[in-house]
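Since the structure comes first, as structure tokens, the remarks are kept for the end.
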Amino acid sequence: QVQLVESVGGLVQAGGSLILSCAASGRTFNNFVMGWFRQSSGKERDFVAAISWSGRSTSYADSVMGRFTISRDNGKNLVYLQMNSLEPEDTAVYYCAQGRSVVVVRTSYGFDAWGQGTQVTVSS
């Protein structure tokens, strides 16, 4: 059974930075795409970023392009989301997700395992 555990988020001022990590277990980590999604209060869960099994291919939502960086360490079964230049609009619960295959996708349908979520709050 796949288990994804995100690091604790936190409260950060606008313009600041925060890094999230996600530890995966339960199936061969480097066989699958990894991704991050987020959900703000009253809104749907939105795609943030995804990374291929090798780490060579990444995809980002337009809203975070140039500010967020996704990376992975296959030796440690970890995926990271480095968030810079944070804005109040980035406030959300962030979810780590593991894809169904090696194909990088941007929809939640392409992911079949989810973490419990971690709160990130950006103050203005």
Side-chain angles (χ1 to χ4, degrees):
Q1 185 174 352
V2 177
Q3 186 173 18
L4 303 174
V5 180
E6 297 102 340
S7 59
V8 174
L11 172 64
V12 62
Q13 289 188 331
S17 298
L18 191 65
I19 185 166
L20 300 179
S21 64
C22 172
S25 61
R27 60 187 182 189
T28 306
F29 182 72
N30 59 1
N31 282 356
F32 299 94
V33 167
M34 296 296 297
W36 289 93
F37 288 73
R38 67 186 182 185
Q39 187 168 19
S40 304
S41 179
K43 296 186 179 180
E44 295 183 350
R45 189 173 299 185
D46 291 330
F47 170 78
V48 174
I51 187 167
S52 65
W53 69 272
S54 66
R56 295 192 187 99
S57 178
T58 57
S59 180
Y60 295 94
D62 290 345
S63 60
V64 307
M65 181 76 70
R67 299 188 299 121
F68 290 12
T69 302
I70 187 171
S71 61
R72 66 190 294 164
D73 184 337
N74 286 345
K76 296 181 179 179
N77 288 8
L78 291 170
V79 62
Y80 303 96
L81 185 67
Q82 174 70 51
M83 303 182 290
N84 297 328
S85 301
L86 282 161
E87 304 167 353
E89 293 74 22
D90 296 316
T91 295
V93 176
Y94 283 73
Y95 295 90
C96 172
Q98 189 169 68
R100 298 176 185 272
S101 71
V102 298
V103 178
V104 175
V105 294
R106 298 163 61 95
T107 63
S108 59
Y109 178 76
F111 296 81
D112 62 355
W114 298 85
Q116 80 284 359
T118 187
Q119 177 70 47
V120 173
T121 302
V122 184
S123 63
S124 58

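Being a predicted model, the structure only gives us computed values, none of them experimental. Every heavy atom of this structure was used, including side-chain atoms; hydrogens, water molecules and symmetry mates were not.
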Which atom names give the shortest non-hydrogen contact between [X] and [Y], and what distance separates them?
X	Y	answer
Thr118	Gly9	OG1-N, 2.6 Å
Ser124	Ala14	CA-CB, 4.3 Å
Trp53	Asn30	CB-O, 3.2 Å
Gly99	Phe32	O-CD2, 3.3 Å
Cys96	Val79	SG-CG1, 3.8 Å

Q) Taking side chain as C-beta onward, heavy atoms only, is Met34 less than 4.5 Å from Leu4? A) yes

Q.
Would you call the rings of Phe68 and Tyr94 parallel, tilted or perpendicular, taking 30° and 60° as the class edges?
A. tilted

Using a 3.5 Å distance criterion without hydrogens, assess whether the side chain of [X] forms a donor-acceptor pair with backbone atoms of [Y].
X	Y	result
Ser52	Val104	no
Glu6	Gln116	yes
Arg106	Ala50	no
Asn74	Ser54	no
Arg72	Val33	no

Single-linkage hydrophobic cluster, 4.5 Å side-chain cutoff, [X] and [Y] together:
X	Y	value
Ile51	Val103	no
Phe47	Trp114	yes
Phe29	Val2	yes
Met65	Leu20	yes
Met83	Phe37	no

Rounded distance (nearest 0.5 Å) linking atom [atom1] of [X] with atom [atom2] of [Y]:
X	Y	atom1	atom2	answer
Arg45	Arg38	CZ	CZ	13.5 Å
Leu18	Asn84	CG	CG	9.5 Å
Tyr60	Arg67	OH	CZ	12.0 Å

Here's a test for you: under side chain to side chain contact (heavy atoms under 4.5 Å, CB included), which of [options] qualifies with [X]?
X	options	answer
Cys22	Tyr95, Tyr80, Trp36	Trp36
Thr121	Thr91, Asp90, Val12	Thr91
Leu81	Val120, Val48, Thr69	Val48

